[in-house]
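Notes to accompany the following structure.
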Amino acid sequence: MTEHKPEPGTPEFEAWLLARAQKWSDELFTTEIPEELADVGSGLIAGPRSWADVMPEKTIAEDIAIDKAHKRNTPE
């Protein structure tokens, strides 16, 4: 598999895309559930790769933007 992305619509692009999807699928379905989440049961777990990515320090700017959008869209 090449790291270079072929031109969309070509057979090379289709093969490249299929190989990327297969790699991602293999990772998704073979990843072990972390010990602290083992009691959740079976199924897929979706979320950030690191808990640090959802800490308030990293989400403050996004939270402010969401609040501003909500205030603009809420009638008074």
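Keep in mind that what you see is a predicted model, and the values were worked out from it rather than measured.
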Could you check whether atom CD of Glu62 has more than 12 heavy atoms from other residues, nucleotides or ligands sitting under 6.0 Å from it?
no
For residues Phe13 and Pro6, report the shortest heavy-atom separation together with the two atoms involved.
CD1-O, 3.3 Å
Remaining members of Leu18's ILVMFWY cluster at a side-chain heavy-atom cut-off under 4.5 Å?
none
Contacts of Asp26 meeting side-chain hydrogen bond (donor to acceptor under 3.5 Å, both in side chains) (sequence neighbours excluded), chain-then-number -> Gln22
Run the side chain to side chain contact (heavy atoms under 4.5 Å, CB included) test against Ile64 and tell me which residues pass, sequence neighbours left out.
Ile60, Lys68
Please enumerate all residues that pass side chain to side chain contact (heavy atoms under 4.5 Å, CB included) together with Glu7, with sequence neighbours excluded.
Thr10
Out of curiosity, Arg20 CZ to Leu17 CG, how far, rounded to the nearest 0.5 Å?
8.0 Å
Can you list, by chain and residue number, the hydrophobic cluster partners of Ile66 when the side-chain cut-off is 4.5 Å?
none
